[in-house]
Amino acid sequence: MNALVMSIPAVNQAVNQAVQPAAVEDIFVDDTWWIALIKAVFIVVFLIVSVILGLWVERRLIGRIQTRPGPNVRGPLGLFQALGDAGKLIFKEDFWLRGADTLIYLLAPIISATTAFAVFGSIPFGPVVNIFGISTPLQLFDSSVTVLIILAITSVGVYGIVLGGWSANSPYPLLGAVRSTAQIISYELAMGLSLVSVFLVSGSMSTSEIVEAQSSVWWCFTLLPAFIIYMISVFGETNRLPFDLTECEGELVAGYMTEYSSMKFAWYYLAEYINMFNVSAVAVTLFLGGWRAPFGLSLVNDGMFNEGFWPMLWFLGKLWVLFATFVWVRGTLVRFRYDQFMNFGWKRLIPIALLWLVAVAVIQAFVQFSAVEVDKLMIGIAAVCLVAFVILWFVPEKKPAPPPIEGAFDPMAGGFPVPPMPGQVLPPSPRAGRMKVAHAITPAALGDKEGHNE
């Protein structure tokens, strides 16, 4: 009872700090409108240049992975090939669909591109620095619920895909839009659950405070299962191989982008690659220490590499490593079937994310009332959960046997050849009799026949 009474003031203090978001915005108190403008322009230019370089890196890296030359003729190392691709999209003939909903057809790619640019405003590139005599953080915006704002923006971005596929009034874009809806719902649940454990351990949803909470250890080590779940989920969020079911050319031509050309297609193309940088930046911020230097460099000269503009270098290095991971996966894995994709999301990722979230909540409650070091405890639990995850992953799922289907199966009943359903058996092939006769003819019999002919 005494321990409970003594803990009440601490709980009240924590609640008061949680409902007062002004403390987070204090780091922007010296910002002026032109400082904010400089940051915004830098983010836009940085994203556009990163997409151009990302296209070149992807084509070169996939060429290396698949043992074929990438772009290597236009300019040094083929760098001008990305500029040529951009010019082609700008000057390519634009067309408008006669049966499309014109307003939504035009608005959909703009929604996707706008939301993609908006996410990076909440990502911290570095600590507080001095710019033209003004002390300001290398971040455009932050609040006590910044990660929730990021999730809300990405949720709005999917409307660009859905509306673009629906407004085109064409079957393949519509199928891509419907798939995108199911895909985002499925994998955003797993991704959101993986991020909740970061909130519980960091005690905040502010991106800058989450980076500060990783000063001793990065959350990718203590929250390893959550990091793995997040990295798998973002492939579904960004429609990248092996989860590009909304635009797979083998089934849907180009999916929701089929009826778009020129700059309208370019907006979708730009949004897709910016979203790759967005999810990579969120992973760096929430799991990989953000702009903080690697552990060895953090101890050099009283942490000089975590001050000034040095942290931007570490942030960009981590960002490009994760972007290269997207390219590596695309160059090595094949596309999932849609049923495999949905089963993986609902039957694997979401249950594992829920179990890990409950484990983190129990651990945090245990740590609050004990003297155990949370970092060591979390690393141990993460290792045990990872081993359990690997074991469960390879346990085969028992599928019930399909009920037998009575009646003869005629594969040509509808005029076209149809494969049998589970339980149905194909009738014997008419070639089977001819094959038996052919095998029954021995070489000796053939020799006698040749001799008789002579």
Side-chain angles (χ1 to χ4, degrees), residues 112 115-116 118-120 122-123 145-162 179-202 204-207 210 214 218-220 222-246 271-288 290 318-319 322-323 325-326 329-330 333 336 340-361 382 385-386 389 393:
S112 294
T115 53
V119 170
F120 239 84
S122 304
I123 302 298
V145 290
T146 300
V147 182
L148 292 184
I149 295 174
I150 293 174
L151 293 176
I153 293 173
T154 56
S155 299
V156 173
V158 74
Y159 281 96
I161 297 176
V162 175
R179 282 186 175 186
S180 175
T181 305
Q183 181 168 323
I184 295 300
I185 292 174
S186 303
Y187 281 77
E188 200 164 66
L189 286 173
M191 185 180 70
L193 290 172
S194 67
L195 298 183
V196 173
S197 59
V198 177
F199 306 154
L200 290 175
V201 177
S202 302
S204 174
M205 287 184 284
S206 165
T207 51
I210 291 175
Q214 299 177 76
W218 296 352
W219 295 145
C220 65
T222 57
L223 302 175
L224 182 59
F227 178 60
I228 295 174
I229 293 171
Y230 175 84
M231 289 304 299
I232 296 175
S233 300
V234 295
F235 282 92
E237 284 287 302
T238 54
N239 301 322
R240 294 282 299 183
L241 271 169
F243 296 158
D244 63 334
L245 277 304
T246 64
E272 178 177 336
Y273 277 84
I274 290 177
N275 283 330
M276 292 170 61
F277 285 102
N278 286 338
V279 296
S280 300
V282 172
V284 170
T285 303
L286 270 60
F287 292 101
L288 299 178
K318 299 173 187 177
L319 184 70
L322 292 183
F323 180 85
T325 303
F326 277 95
V329 171
R330 177 184 178 181
L333 297 183
F336 278 43
Q340 294 174 333
F341 174 68
M342 298 305 291
N343 286 336
F344 181 73
W346 287 97
K347 295 183 179 180
R348 302 284 186 178
L349 285 186
I350 293 179
I352 293 172
L354 281 171
L355 289 175
W356 174 248
L357 176 59
V358 173
V360 172
C385 291
L386 183 61
F389 171 77
W393 180 261

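No hydrogens, no waters, no symmetry mates; every other heavy atom, side chains included, goes into these values. If you read the sequence from its start, that first residue is 1, and numbering goes on from there.
Distance check, rounded to the nearest 0.5 Å: CG of Leu286 to OG of Ser202 gives 7.0 Å. The structure places CG of Asp244 at 12.0 Å from OG of Ser180, a figure rounded to the nearest 0.5 Å. Summarising the geometry, atom CZ belonging to Phe235 is positioned 11.0 Å from atom CZ belonging to Phe336; distances are rounded to the nearest 0.5 Å. The distance from atom CD1 of Ile210 to atom OG1 of Thr146, rounded to the nearest 0.5 Å, is 8.0 Å. Residue Glu272 holds its CD atom at 7.5 Å from OG1 of Thr238, rounded to the nearest 0.5 Å. Distance CG/Leu195 to CG/Leu151: 6.0 Å, rounded to 0.5 Å.
Looking at Phe287 and Leu224, their side chains never come closer than 4.5 Å, going by heavy atoms from C-beta outward. Residues Asn278 and Ile153 fail the side-chain proximity criterion, which asks for heavy atoms closer than 4.5 Å. Counting only heavy atoms from C-beta outward, the side chains of Phe243 and Phe344 approach each other to under 4.5 Å. Using a 4.5 Å heavy-atom cutoff, the side chains of Val329 and Leu241 are not in contact. Under the 4.5 Å side-chain criterion, counting only non-hydrogen atoms from C-beta, Ile150 is in contact with Ile123. Taking the side chain as every heavy atom from C-beta outward, Leu193 and Trp356 never approach each other to under 4.5 Å.
When all heavy atoms are compared, the tightest approach of Trp219 to Val201 is CH2-CG1, 3.2 Å. For the residue pair Leu319 and Val284, the shortest heavy atom distance occurs at N-CG2, 3.9 Å. The heavy-atom pair separating Ser197 from Leu357 by the smallest distance is N-CD1, 4.0 Å. Summarising the geometry of Gly157 relative to Thr115, their closest heavy-atom pair is CA-OG1, 3.3 Å, with the distance given to 0.1 Å. Taking both residues in full, the closest heavy atoms of Asn275 and Ala116 are given as OD1-CB, 3.6 Å, listed atom of the first, atom of the second, then distance. Between Ile229 and Ala190 the shortest heavy-atom distance is CG2-O, 3.8 Å.
More than 12 heavy atoms of other residues, nucleotides or ligands lie within 6.0 Å of CZ in Phe199, so this atom counts as buried by the packing criterion.
The residue from Phe323, Phe120, Phe326 that alone fulfils the ring-ring contact (aromatic ring centres under 6.0 Å, His included) condition with Phe277 is Phe323. Ser233 pairs with exactly one of Ile228, Leu189, Leu349, Val279 by the side chain to side chain contact (heavy atoms under 4.5 Å, CB included) rule, that one being Leu349.
Between Tyr187 and Phe341, the distance separating the two ring centers is shorter than 6.0 angstrom.
Side-chain atoms of Glu188 and Ser155 include a donor-acceptor pair closer than 3.5 Å. Using modelled atom types, one finds a donor on one side chain and an acceptor on the other under 3.5 Å when comparing Asn239 with Gln183.
Judged by distance alone, with hydrogens and angles left aside, the side-chain atoms of Gln214 form a donor-acceptor pair with the main-chain N or O of Thr285 at under 3.5 Å.
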